[in-house]
Amino acid sequence: LAPAESKVAEGVQCQIVFDQGENHFESPWRPLGEKMMWGTRDEEFYCGEVDPRLRLKIYLCYESKGNIDRAAYSVLNLTTFPYMQMYEDWHVMDVNAGMGNIQPRLRLGLFRGPKPDPHDIITCTLCGLEVPRQFQAPHLSVSCPKYYVPCPHERVGCTWKGPRQAHDAHLEGCAFEELRESIYATASDIRGVQALLIDGSRADASTNAKAGEMSYIHAAVPTFLRVLRGHKRPVTSVTGIKTSGQLISSDSQGYVMSWILEDERELDSYRAHQGEVSCLLWSESFSSYIFTGGAYPDDTIKVWDSSDFSLERKMLGGGQNFAINSLASMRYGSIDADELDYLYSVDDSASIRSWDVQTGACIASASGHELGIKTIVASDGRLVTGSLDMSVRIWDPATLECLATLDCLGDSVMDIIFIGKWLLAAGTHSVRIWDFPSRQLYRVLDGSRWPLCFADGMLFCSQYDVPQNIQVWTAIEEDPSKWKVVDVLKGHSSEVTCMAWFQQTLATGSTDKTVRLWRAPSKDSLVG
């Protein structure tokens with residue numbers, strides 16, 4: 001309804017436009033129908049297929065002096081609608097300032113069609129490449145040359161955002177890239193100087209205290225110890241065995257190697273799988289075992305004796321040539337004799353499974369993610385998974401019922417860790433920090449990526465623009481907004497693929513076929 005004095009009075013040409021995505025570069029505006037004359041009659045439009053994971057933005061636009069302006073809008077979260085095959089209801093549209101006393105209403109009809117086949121071939125609307133539907137999200141977040149990405153130095157002031165194919169050209173002339181090492185190394189000192197200028201003498205004492213704290217942190221950052229060579233293919237996973245003091249690493253050729261940290265001596269090497277060993281697990285729950293997960297053509301879970309590396313049993317994982325991407329163990333049940341330890345696995349079939357290690361039987365399985373699950377974490381009664389579908393899901397460990405979903409739109413979830421109450425989900429170009437009890441997103445570390453590792457108040461992660469480098473963040477503050485990059489570990493010649501903290505040492509594996517060790521100074525050496 002439009003009064004005569006309104007800018008969109010009777011006779012003005014209007015148009016309905018919808019948009020999905022965080023910005024118009026991701027999903028250009030598309031009209032729902034032909035232009036119409038504004039009036040009081042009902043008009044019906046059909047907008048076709050929409051993505052229920054993204055907000056649907058509907059605009060009522062009008063022509064003004066050759067330009068298209070918005071008169072009213074409605075932003076809808078489709079995931080909050082009742083899950084019915086057909087849903088229909090009225091929604092009042094919000095009116096932009098200066099539009100007068102118009103009262104547009106929107107009657108939205110949502111029809112849920114059959115779930116599409118993930119193997120269907122679709123065409124990327126940005127670059128035109130044909131990809132299977134199940135790989136649409138990783139294609140956009142990792143490889144699409146026309147997908148808009150921010151500068152990795154966005155958090156320190158660079159405002160550039162453009163297509164991925166222009167990213168390298170931008171970095172060549174980016175002032176923040178030229179000063180990258182200085183910026184990250186001195187960020188805390190700059191903040192201290194700013195506080196000194198603002199707060200005067202009172203800030204002086206505070207700055208000195210923080211400077212002393214930063215000196216301690218810099219001194220505690222691990223330094224290069226040695227490199228372990230022996231793998232002939234990219235290193236895929238690394239973990240430590242506390243009972244024997246050995247470091248275990250695996251590669252894409254199917255080999256697992258064991259090492260002693262104090263020297264470069266390789267203790268043993270054996271062929272664990274016919275294809276890639278995609279993950280390793282040793283846990284105190286199953287201290288006498290080492291678990292390996294394989295990829296095609298040997299996509300199984302194998303249980304090995306941790307003392308002599310003899311094969312105990314083999315369990316069928318995802319089947320149908322789906323790689324076992326991650327393993328986790330957890331104890332749950334009553335405090336009495338019913339309390340047992342269970343093994344969990346996730347794979348590229350988007351399934352989560354629980355296993356009885358003693359019998360090798362699959363106890364239960366569940367699906368919930370739309371694409372392959374890349375990581376699983378089990379801790380303190382929490383079972384959390386991350387997927388290529390750009391989401392984190394929280395599961396009941398006993399029933400495998402999905403309890404909650406955290407959306408990470410814009411980036412796949414490749415690794416997850418907990419730091420206190422904070423859940424960190426790392427993707428290909430960012431790390432999201434969630435307040436786990438409230439399920440609220442608290443901070444995004446742009447320019448950081450998987451893998452993740454936390455130890456001694458330090459967060460380690462790979463660097464987005466230089467994935468062979470490892471960022472070191474101070475994470476001793478309870479508030480993640482105060483976490484800062486204090487150092488960058490350099491040494492690998494190509495992408496870092498895995499990390500583990502073992503015996504006061506950070507072990508990192510890379511596609512350069514090596515494992516590098518970074519030793520933290522002893523606490524006694526930091527005193528005084």
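Salt-bridge check for D251 with K232: failed, with every basic side-chain N at 4.0 Å or more from each acidic carboxylate O. K374 and D348 are joined by a salt bridge, as a carboxylate oxygen and a charged side-chain nitrogen come within less than 4.0 angstrom of each other. For R353 and D347, the salt-bridge test passes: some basic side-chain N is under 4.0 Å from an acidic carboxylate O. Ionic pairing of E401 and R393 is not present here: no N-O contact between side-chain nitrogen and carboxylate oxygen is shorter than 4.0 angstrom.
The only member of L371, L388, D389 that meets side chain to side chain contact (heavy atoms under 4.5 Å, CB included) when paired with S412 is L388.
Not a single ring-ring contact (aromatic ring centres under 6.0 Å, His included) links Y344 to another residue, sequence neighbours left out. Here T505 pairs with L261, L517, R519 under the side-chain contact (heavy atoms from CB on, under 4.5 Å) rule; sequence neighbours left out. Partners of W434 according to the ring-ring contact (aromatic ring centres under 6.0 Å, His included) rule, which considers only residues two or more places apart in sequence or in another chain, do not exist here. With sequence neighbours left out, the side-chain contact (heavy atoms from CB on, under 4.5 Å) criterion links S285 to S283, S329, D341. Judged as a ring-ring contact (aromatic ring centres under 6.0 Å, His included), and not counting sequence neighbours, the contacts of F436 are F418. Partners of Y73 according to the ring-ring contact (aromatic ring centres under 6.0 Å, His included) rule, which considers only residues two or more places apart in sequence or in another chain, do not exist here.
Contact check for F286 versus V303: no side-chain heavy atoms found under the 4.5 Å cut-off. Between P451 and V496, some side-chain heavy-atom pair lies under the 4.5 Å cut-off.
S249 contributes atom OG, which lies 14.5 Å from atom NZ of K513 (distance to the nearest 0.5 angstrom). S252 OG to H273 NE2: the interatomic distance, rounded to the nearest 0.5 Å, is 13.0 Å. For the atom pair M93 CE and Y59 OH, the distance stands at 9.5 Å (nearest 0.5 Å). Distance check, rounded to the nearest 0.5 Å: CG of L406 to CD of Q440 gives 9.5 Å. Note: R432 CZ to M390 CE = 9.0 Å, rounded to the nearest 0.5 Å. Here CD1 of I470 is found 9.0 Å from OG of S510. Values are rounded to the nearest 0.5 Å.
No hydrogens or angles considered: nothing links the side chains of W282 and S306 as a donor-acceptor pair under 3.5 Å. W450 and T428 form no side-chain donor-acceptor contact under 3.5 Å, judged by distance and modelled atom types alone. Inspection of the T292 and W304 side chains reveals an N or O donor paired with an N or O acceptor under 3.5 Å. Side chain to side chain, S448 and Q471 meet the donor-acceptor criterion of an N or O pair below 3.5 Å. A donor-acceptor contact closer than 3.5 angstrom links the side chains of T236 and S250. With hydrogens and angles left out, the side-chain atoms of S391 and H369 include a donor and acceptor closer than 3.5 Å.
No donor-acceptor pair closer than 3.5 Å links the side chain of K421 to the backbone N or O of I419. A donor-acceptor pair under 3.5 Å is formed between the side chain of S387 and the backbone N or O of G372. At least one donor-acceptor pair closer than 3.5 Å links the side chain of T359 to the backbone N or O of A361. The backbone N or O of E477 sits less than 3.5 Å from a side-chain atom of W483, completing a donor-acceptor pair. A donor-acceptor pair under 3.5 Å links the side-chain atoms of S462 to the main chain of P467, judged by distance alone. Of the possible polar contacts, none joining the T375 side chain to the G386 backbone as a donor-acceptor pair under 3.5 Å is found. Side chain of D479 to backbone of S481: a donor-acceptor contact under 3.5 angstrom is found. No donor-acceptor distance shorter than 3.5 angstrom exists from the side chain of R516 to the backbone of G509, with no hydrogens or angles considered.
Smallest separation of non-hydrogen atoms from I352 and L383: CD1-CD2, 3.8 Å. The two residues C174 and C151 have their closest heavy-atom pair at SG-SG, 4.1 Å.
Taking the six-membered ring where tryptophan is involved, the planes of H170 and W160 are essentially parallel, since the angle between them stays under 30° and well short of 60°.
Taking the six-membered ring where the residue is Trp, the centroids of Y464 and H167 are separated by under 6.0 Å.
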For this session: Report the C-alpha separation of S430 and D411 in whole Å, then their side-chain angles, then the decisive distance to 0.1 Å, and conclude whether the side-chain hydrogen bond (donor to acceptor under 3.5 Å, both in side chains) test is met.
Result: CA-CA 7 Å; S430 65; D411 201 0; 2.9 Å; yes
